[in-house]
Each structure stands twice: as C-alpha cells, then as structure tokens.
Q: 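Here it is, the structure, as structure tokens.
Residue indices begin at 1 and follow the sequence shown. These numbers come from a predicted model, not from an experiment. For the numbers below, each heavy atom of this structure counts, side chains included, while hydrogens, waters and symmetry mates do not.
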Amino acid sequence: QVQLVESGGDLVQPGGSLRLSCVASGYRLEYYSIGWFRQAPGKEREGVSCISSDGSTYYSDSVKGRFTISRDNAKNTAYLQMNSLQPEDTAVYYCALRGWDYCPGSPGRPADYGSWGQGTEVTVSS
C-alpha cells in the first residue's frame, strides 16, 4: 500500500519561498501522476498542480507562474517549489497519487486521486 509523506511547510513572509516535498513508499512514483492540493480553513480542497509520468505539468490559474511541480523518480519524491508566496496561499498542502500515468488535463479534483498524504501546513504572514 502506498504511503505519502509531505514536509517543508512553514511560516513565511509574503514574497517568500518554500519547497514542499512528498516522499512515497510502497509504489514507484515514476509510473503515476502526482498532484498537489491545498485546503484553507473553511474552504474546500482545491487542486494546485499535477505532474504526469512523462513530466507534463498543469497548474491552477492562482499559482501559475509562481509554483513549480517536479519529481525525482530516483528518490521516489515529488516537489512543489512555491515562490512569491502571498497570504492567500496559506493552507494545508497535500500531495496525492493518481492511479493513472497522466493528469486529468488540469490539477483535477480530489476524487481524481486515490492516495493522500497527511498534509503540511504553509502560513504566509508578516
């Protein structure tokens, strides 16, 4: 059974950067697409980004140009580099594994993914 563990969340000032990591065990990530989602207090979980097994990437409009998703298959790890962070980026960030090698043409919906990590908290505040 796959286990996903996120890390890298922190308190950061507006305009700052963070890199989130998602380490997988039990599955080889290289065969699957991986997504990042976030959930702010009182809001629904929203898709942020997805990367396919061939390296194709997709982003939500709210993070396009600021966030970069990547993967290191040798380390069985996915990353989310977040730059120019703003207070509205404050949320718990989750990585998720999709049981297909391609993204759903966008970061997708939570129902498009089958396995989830426990989340890592990102707070953007001065």
Q: List the residues meeting salt bridge (charged side-chain N to carboxylate O under 4.0 Å, His left out) with K43, not counting sequence neighbours, and say none if there are none.
A: none

Q: Any side-chain heavy-atom pair from K75 and V23 closer than 4.5 angstrom?
A: no

Q: Is there a donor-acceptor pair closer than 3.5 Å between any side-chain N or O of T123 and the backbone N or O of L11?
A: no

Q: Any donor-acceptor pair under 3.5 Å linking the side chain of R98 with the backbone of D112?
A: yes

Q: Would you call R19 and S70 a side-chain contact if the rule is heavy atoms closer than 4.5 Å?
A: no

Q: Answer yes or no: does atom CD of E88 have more than 12 heavy-atom neighbours from other residues, nucleotides or ligands under 6.0 Å?
A: yes

Q: Should P107 and E46 count as side-chain neighbours, where that means a heavy-atom distance under 4.5 Å?
A: no

Q: Quick one: does any side-chain atom of E6 pair with a main-chain N or O of G119 as donor and acceptor, under 3.5 Å?
A: yes

Q: With side chains defined as the heavy atoms from C-beta onward, is the minimum distance between C50 and P104 less than 4.5 Å?
A: yes

Q: Could you work out the complete set of other residues in the hydrophobic cluster of F37, with links drawn between I, L, V, M, F, W and Y side chains under 4.5 Å apart?
A: V92, Y94, Y113, W116

Q: With D101, which residues qualify under side-chain contact (heavy atoms from CB on, under 4.5 Å), at least two apart?
A: S53

Q: Whether the side chain of D72 engages the backbone of T77 through a donor-acceptor N/O pair (distance < 3.5 Å, no angle test) should be reported.
A: no

Q: Considering residues at least two apart in sequence or located in another chain, which fulfil the side-chain contact (heavy atoms from CB on, under 4.5 Å) criterion with S56?
A: S52, D54, Y58

Q: Other than V48, which residues form its hydrophobic cluster under the rule that side-chain heavy atoms must be closer than 4.5 Å?
A: V2, L4, V12, L18, L20, Y27, L29, Y31, Y32, I34, W36, I51, Y59, V63, F67, I69, L80, M82, L85, Y93, L97, V122, V124

Q: Out of curiosity, Q1 CD to S25 OG, how far, rounded to the nearest 0.5 Å?
A: 9.5 Å

Q: Taking all non-hydrogen atoms of both residues into account, name the closest pair between D89 and R66 and its distance.
A: OD2-NH1, 2.7 Å

Q: Evaluate the criterion side-chain contact (heavy atoms from CB on, under 4.5 Å) for residue pair C95 and Q118; output intermediate values, then yes/no.
A: CA-CA 8 Å; C95 68; Q118 83 291 345; over 6 Å; no

Q: Applying side-chain contact (heavy atoms from CB on, under 4.5 Å), name anything that partners S17, two or more places apart in sequence or on another chain.
A: Q81, N83

